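Each remark here refers to the structure printed beneath this line.
In this chain, numbering begins with 1 at the start of the sequence shown. A quick note: this is a predicted structure, and the numbers were derived from the prediction, not measured. Basis for what follows: all heavy atoms, side chains included, without hydrogens, waters or symmetry-related copies.
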Amino acid sequence: MKTISENACFGGTQGVYSHTSKVCNCEMTFAVFLPEEARDGPVPVLWYLSGLTCTHENAMTKAGAQGWAAEHGIAVVFPDTSPRGEDVADDEAYDLGKGAGFYVNATQDPWAPHFQMWSYIADELPALIGANFEIDMERQAITGHSMGGHGALTLAMNLPGRFASVSAFAPITNPAASDWGRKQLSAYLGDDETVWARHDATMMMEKTDFDGPVLIDQGASDQFLDLLTPEALSHAMATKRQNGIFRMQPGYDHSYFFVSTFMEDHVAFHADALWAK
């Protein structure tokens, strides 16, 4: 692991690091915020998964999570959204390829050699984090925005017991039935739609729900509402009687202005679950 930068931040440290990923077969970059309390021992951690076209840097600089995380004494990990490098397959469209990993393990060419983001987020990066930072890996929570909200929800429901809580900002809720999903899932996973089910938050909610609290915030003026289909997940949560809150926020769009506005609520929500664990 290489240290790219470390800066004092809200009494703690905001660092950026890189390492050679065995599962993604390339160099990967990620960021970690450690609160002041990490100097005295392991602290709980909140994972933040970013959306289409993003890297680790977008949320690190725009979401405003560090100040609220410092207030609650928790760490935040900001992974990248896809593999990177000259040898990594890409597409001219912004919603496929680099920056659009969709948090799945690709099985189809030309994506399979590098696009193993599910294993990277679920296994490889947590092992690296646990070995190198003062973070309590028994106390994890997860959140994300847009494509990252999709990733956070599907990882949480597929890994029971891993995360104390899950939240999302404007998640892609039903990718198997959306143009933000069908294209990518077929490209990465093939045309067998039964394989897609574990990567669809609405379908997973209908099947298994989540063994903890859920918080969803969706901007009512989001320019991508028809692609996000928030009503699908809301209905599934209600039908499953999921322990959760689903909020439509009047006037808010899909931007980081929306994310940063409600970040305080999400960090506090996760801190309650993490410290209660």
Side chain to side chain contact (heavy atoms under 4.5 Å, CB included) between Tyr103 and Leu49, intermediate numbers included = CA-CA 9 Å; Tyr103 304 101; Leu49 305 186; 3.7 Å; yes
If the plane angle is over 60° it's perpendicular, under 30° parallel, otherwise tilted; pick one for [X] and [Y].
X	Y	answer
Phe115	Tyr188	parallel
Phe133	Phe30	perpendicular
Tyr48	Phe169	tilted
His145	Tyr256	perpendicular
His270	His266	tilted

Do [X] and [Y] get their side chains close enough for a donor-acceptor pair, meaning under 3.5 Å?
X	Y	result
Asn105	Ser119	yes
Tyr17	Glu6	yes
Glu27	Ser21	no
Gln14	Gln66	yes
Asp222	His254	yes
His150	Thr173	no

Starting at [atom1] of [X], measure out to [atom2] of [Y] and round the result to the nearest 0.5 Å.
X	Y	atom1	atom2	value
Asn174	Asp200	CG	CG	4.5 Å
Met157	Glu206	CE	CD	10.0 Å
Thr154	Leu159	OG1	CG	9.0 Å
Met248	Ser221	CE	OG	8.5 Å
Leu96	Glu92	CG	CD	11.0 Å
Leu46	Leu274	CG	CG	7.0 Å

Indicate the atoms forming the closest heavy-atom contact of [X] with [Y], along with that distance.
X	Y	result
Ala31	Met60	CB-SD, 3.6 Å
Pro110	Ala89	O-CB, 3.6 Å
Ala201	Pro175	N-CD, 4.5 Å
Met117	Cys24	SD-SG, 4.1 Å
Leu189	Ala106	CD2-CA, 4.4 Å

Are [X] and [Y] side-chain neighbours, meaning at least one heavy-atom pair lies under 4.5 Å?
X	Y	value
Ser50	Phe78	no
Ile135	Val32	yes
Thr29	Val16	yes
Leu225	Gln218	yes
Ile245	Ile216	no
Phe224	Ser146	no
Lys98	Val88	yes
Trp196	Ser186	yes

Below 6.0 angstrom between ring centroids: does that apply to Tyr252 and Phe262?
-> yes
Neighbour count >12 (heavy atoms, 6.0 Å) for atom [atom1], [X]:
X	atom1	value
Phe257	CZ	no
Asn132	CG	yes
Asp192	CG	yes
Asp226	CG	no

Give the intermediate values and the outcome of side chain to side chain contact (heavy atoms under 4.5 Å, CB included) for residues Met1 and Ser18.
-> CA-CA 6 Å; Met1 190 182 75; Ser18 68; over 6 Å; no
Side chain to side chain contact (heavy atoms under 4.5 Å, CB included) assessment of Glu264 paired with Phe269 | CA-CA 8 Å; Glu264 178 183 6; Phe269 166 80; over 6 Å; no
Pair [X] + [Y], salt bridge at N-O below 4.0 Å:
X	Y	value
Lys240	Asp209	no
Arg39	Glu134	no
Asp80	Arg84	yes

With sequence neighbours excluded, what pairs up with Glu57 under the side chain to side chain donor-acceptor pair (under 3.5 Å) test?
-> none
Report the C-alpha separation of Tyr120 and His19 in whole Å, then their side-chain angles, then the decisive distance to 0.1 Å, and conclude whether the ring pair (Phe, Tyr, Trp, His ring centres under 6.0 Å) test is met.
-> CA-CA 12 Å; Tyr120 181 69; His19 72 112; 5.6 Å; yes
Hey, which of His235, Glu231, Met237 is the one that makes side chain to side chain contact (heavy atoms under 4.5 Å, CB included) with Phe246?
-> Met237
